[in-house]
S.K.: 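A single structure is presented below for examination.
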Amino acid sequence: MSNVRVRFAPSPTGALHIGGVRTALYNYLLARQLGGTFILRIEDTDQNRYVPGAEDYIKEALAWCGLTIDEGTEQGGDYGPYRQSDRKAIYLEHAQKLIDNGTAYYAFDTPEELDARRETEKEAGNHNFRYDAASRSSMRNSESLSSKEVAQLLAANTPYTIRLKVPTDEIVKVTDLVRGDVQFQSKELDDKILLKTDGMPTYHLANIVDDHLMKITHVIRGEEWLPSTAHHVLLYRAFGWEDTMPAFAHLPLILKPTGKGKLSKRDGVKLGIPVFPLAWKGATEEESFTGFREFGFDPRAMVNFMALLGWNPGTEQELFSLEELIKAFSIEKIGKAGARFDFDKAKWFNQQYIMQSSDEDLITIIKPMLAEKGITKDDAFLTTFVQLMKERVVVYGDFWDSGYYFFTDVTAYDEKNIRKKWKPENQALFEDLRQQLKALNSPDEAAVETTVKSFMEANGLGFGAVLPILRIGVTGTMKGPSIFAVMALLGTEEVDRRLEAAYAAFNAIKNG
RNA sequence: GCUGCCGUAGGCGAAUUGGUUAAGCCACCGCUCUUUCACAGCGGAGAUUGCGGGUUCGAACCCCGUCGGCAGUACCA
């Protein structure tokens with residue numbers, strides 16, 4: 001095992017968004033490719049936003065995608081605990097070190113005071129008030145107050161935060177694996193809060209301390225973190241850890257299908273498409289979302305789709321198994337521009353996977369769907385069924401939606417085509433055909449075809465006059481597999497029953 | 001506003017890193033197959049590489065400017 005160690009560090013504030021899944025995937029791919037370690041760390045330092053069930057959801061989602069975790073809250077490991085709320089003491093201790101070495105300071109300003117200050121600045125025309133080198137002397141902190149005053153405040157248990165003391169004028173360089181060198185002027189950076197009043201760290205502190213302690217070598221995360229990376233570099237420096245600082249790779253955003261803005265959960269409900277791997281049951285209808293799994297996706301298809309969203313192999317290969325992705329993946333091939341979430345493309349991948357799936361695998365998936373409707377069928381029947389249908393479905397639900405007639409009576413006829421094709425004067429002929437078909441005992445597809453064809457020949461009827469009648473009569477629709485195959489599978493009794501009912505219905509349609 | 005990132009057909013995106021006619025896939029159109037739909041195969045349309053300058057024999061690629069999109073700008077992550 002190499003010393004490469006990467007982490008996926010979600011915050012349990014709800015369902016894991018598809019962008020998060022992709023971040024996890026890229027981390028996982030890098031770890032596996034280099035024989036490294038994939039770590040799951042739960043970043044639950046904001047108690048106000050904690051959502052019960054979110055942590056389990058994250059784990060289930062990763063498992064569904066096939067991303068196995070090496071170290072984490074369940075698996076354990078030598079660098080635990082892996083839940084940040086369990087590491088509270090560590091952060092306090094480290095924040096203290098920064099106070100001691102002068103790179104951080106106590107701040108006693110309350111949120112209300114901060115808000116008030118922002119408000120007055122705004123009225124004065126300054127819309128970008130920052131707690132920074134320029135303003136900190138006018139705030140209440142251990143930089144502006146005398147050490148005696150600070151000691152008194154601390155002794156009186158005055159609530160405080162610990163802030164990073166950002167250097168006044170310095171250029172902070174960040175080397176990003178996907179974007180190259182990025183520079184920030186330290187005077188544009190604010191004095192980020194490191195430790196909150198409640199004793200919990202902010203993301204910035206926790207992330208640096210944990211990544212260092214957990215010996216993380218590569219930080220792969222979303223682009224929204226790029227601006228604060230300068231702070232992170234400053235923190236590594238403040239701790240004296242600069243020489244072991246991990247490499248950074250900031251992933252491009254996943255954009256809305258419309259192209260404007262980053263994909264949000266609202267887009268999913270608005271467009272009726274999943275933007276989460278698994279469904280999420282929120283407190284209300286509005287906070288509940290469907291998932292790729294519930295939408296009828298194969299996890300391999302979703303993973304394949306996501307892998308290509310912001311990364312490309314540089315070849316023309318499009319279909320990748322997880323194993324192939326592990327081999328082909330490279331950070332250098334990650335794109336810089338935001339990738340639009342193209343759900344049509346996602347469906348195409350799923351269709352490819354279904355077509356590639358074995359009959360057995362498909363049957364395993366279909367059986368429970370049928371059972372839910374109280375239908376059981378033997379494997380021989382189901383095998384033929386999936387063979388007939390697998391190349392014309394996109395999501396698993398389509399097996400039922402466009403193949404329900406294999407299991408139950410036709411619910412609606414294609415009336416438009418019936419009006420065009422049904423000739424009541426030919427009914428006697430079709431009754432005759434019905435009898436002929438019925439006489440066939442457990443026929444195969446070829447036998448049905450022969451019977452129908454000789455019937456057509458005998459009566460001078462073409463395919464166009466006969467097949468649509470049979471097709472709509474048995475399945476209700478013009479779409480579907482070979483009608484001879486469908487009839488053979490359904491059996492003579494069933495076909496006879498359906499045709500009898502259909503002819504009556506056709507006359508009604510014609511007359512209505 | 002400020003800071004940063006990004007900009008190749010409708011979408012995803014390639015281009016041996018400055019070297020002929022700017023790949024491929026999805027979507028779209030047509031043909032073949034099938035008297036259905038889908039799959040598959042073939043073909044088509046669609047790009048003055050956001051725009052304007054510059055450097056160069058030569059620019060999608062380098063430089064400057066400009067416009068646009070996005071992100072960040074919390075005691076959230």
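Naming: A, B, ... by sequence-line order, numbering from 1 per chain. None of the values given here were measured: they were computed from a predicted structure. Quick note: numbers below take in every heavy atom, side chains included, and nothing from hydrogens, waters or symmetry partners.
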S.K.: Report each atom pair, protein N/O against N/O of nucleotides 62-67 of chain B, whose distance is under 3.5 angstrom.
M.R.:
none

S.K.: Applying the Watson-Crick and G-U wobble criteria at under 3.5 Å, what pairs with rC37(B)? Answer none if nothing qualifies.
M.R.: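 Answer to the pairing question: none, since rC37(B) forms no Watson-Crick or G-U pair.
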
S.K.: Quick one: on RNA chain B, does A465(A) or G314(A) contact a more 5' nucleotide (nearest heavy atom)?
M.R.: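 The answer here is G314(A).
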
S.K.: Pick the P atom in rU48(B) and in rC61(B), then give their distance to the nearest Å.
M.R.: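 So the two P atoms sit 15 Å from each other.
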
S.K.: With both distances under 3.5 angstrom, what nucleotide forms a Watson-Crick or G-U wobble pair with rU55(B)?
M.R.: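 Paired with rU55(B), as far as the under-3.5 Å criterion goes, is no nucleotide at all.
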
S.K.: Testing the 3.5 Å rule here: is there a donor-acceptor pair between the side chains of T383(A) and D359(A)?
M.R.: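 No - no donor-acceptor pair under 3.5 Å links their side chains.
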
S.K.: At under 4.0 Å between heavy atoms, how does the protein contact nucleotides 69-77 of chain B? Give one character per nucleotide, 5' to 3', with B, S or -.
M.R.: -SSS--BBB

S.K.: Watson-Crick or G-U wobble partner for rA22(B), using a 3.5 Å limit on both distances?
M.R.: none

S.K.: For rU66(B), which nucleotide in any strand shown is its Watson-Crick or wobble partner with both distances under 3.5 Å?
M.R.: rG50(B)

S.K.: For rA14(B), take OP1 and OP2 only and decide whether either is under 4.0 Å from a side-chain N or O of N312(A).
M.R.: yes

S.K.: Of the nucleotides rU3(B), rC5(B), rA38(B), which one has an atom closest to the side chain of E188(A)?
M.R.: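 For the E188(A) side chain, the nearest candidate turns out to be rU3(B).
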
S.K.: Hey, are the side chains of H231(A) and V166(A) touching, using non-hydrogen atoms and a 4.5 Å cut-off?
M.R.: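 Result yes, sub-4.5 Å side-chain heavy-atom pair found.
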
S.K.: So what's rC28(B) paired with, Watson-Crick or G-U wobble, going by both distances under 3.5 Å?
M.R.: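 Because both required distances fall under 3.5 Å, rC28(B) counts as paired with rG44(B).
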
S.K.: Taking only side-chain nitrogens and oxygens of Q183(A), does any of them come within less than 4.0 Å of OP1 or OP2 of rG4(B)?
M.R.: no

S.K.: Tell me what Q185(A) touches on the nucleic acid: a base, only sugar-phosphate, or nothing, going by heavy atoms under 4.0 Å.
M.R.: nothing

S.K.: What does rG1(B) pair with, Watson-Crick or G-U, if both distances are under 3.5 Å?
M.R.: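 In the structure as shown, rG1(B) has rU73(B) as its Watson-Crick or wobble partner.
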
S.K.: Would you indicate what K333(A) reaches in the nucleic acid, counting non-hydrogen atoms under 4.0 angstrom: base, sugar-phosphate, or nothing?
M.R.: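 The residue K333(A) makes sugar-phosphate contact but no base contact.
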
S.K.: Does rU16(B) have a Watson-Crick or wobble mate here (both distances under 3.5 Å), and if so which one?
M.R.: none

S.K.: Please determine, for the side chain of K336(A), which listed nucleotide (rC5(B), rC6(B), rC39(B)) has the closest atom?
M.R.: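 Given the options rC5(B), rC6(B), rC39(B), the side chain of K336(A) is closest to rC6(B).
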
S.K.: What protein N or O atoms touch nucleotides 23-26 of chain B N or O atoms at under 3.5 angstrom, if any, and at what distances?
M.R.:
unit_1: rG24(B); atom_1: O4'; unit_2: E316(A); atom_2: OE2; d: 3.4
unit_1: rC25(B); atom_1: O4'; unit_2: E318(A); atom_2: OE2; d: 2.6
unit_1: rC25(B); atom_1: O2'; unit_2: E318(A); atom_2: OE2; d: 2.6
unit_1: rC25(B); atom_1: O2; unit_2: K345(A); atom_2: NZ; d: 3.0
unit_1: rC26(B); atom_1: OP1; unit_2: W348(A); atom_2: NE1; d: 3.4

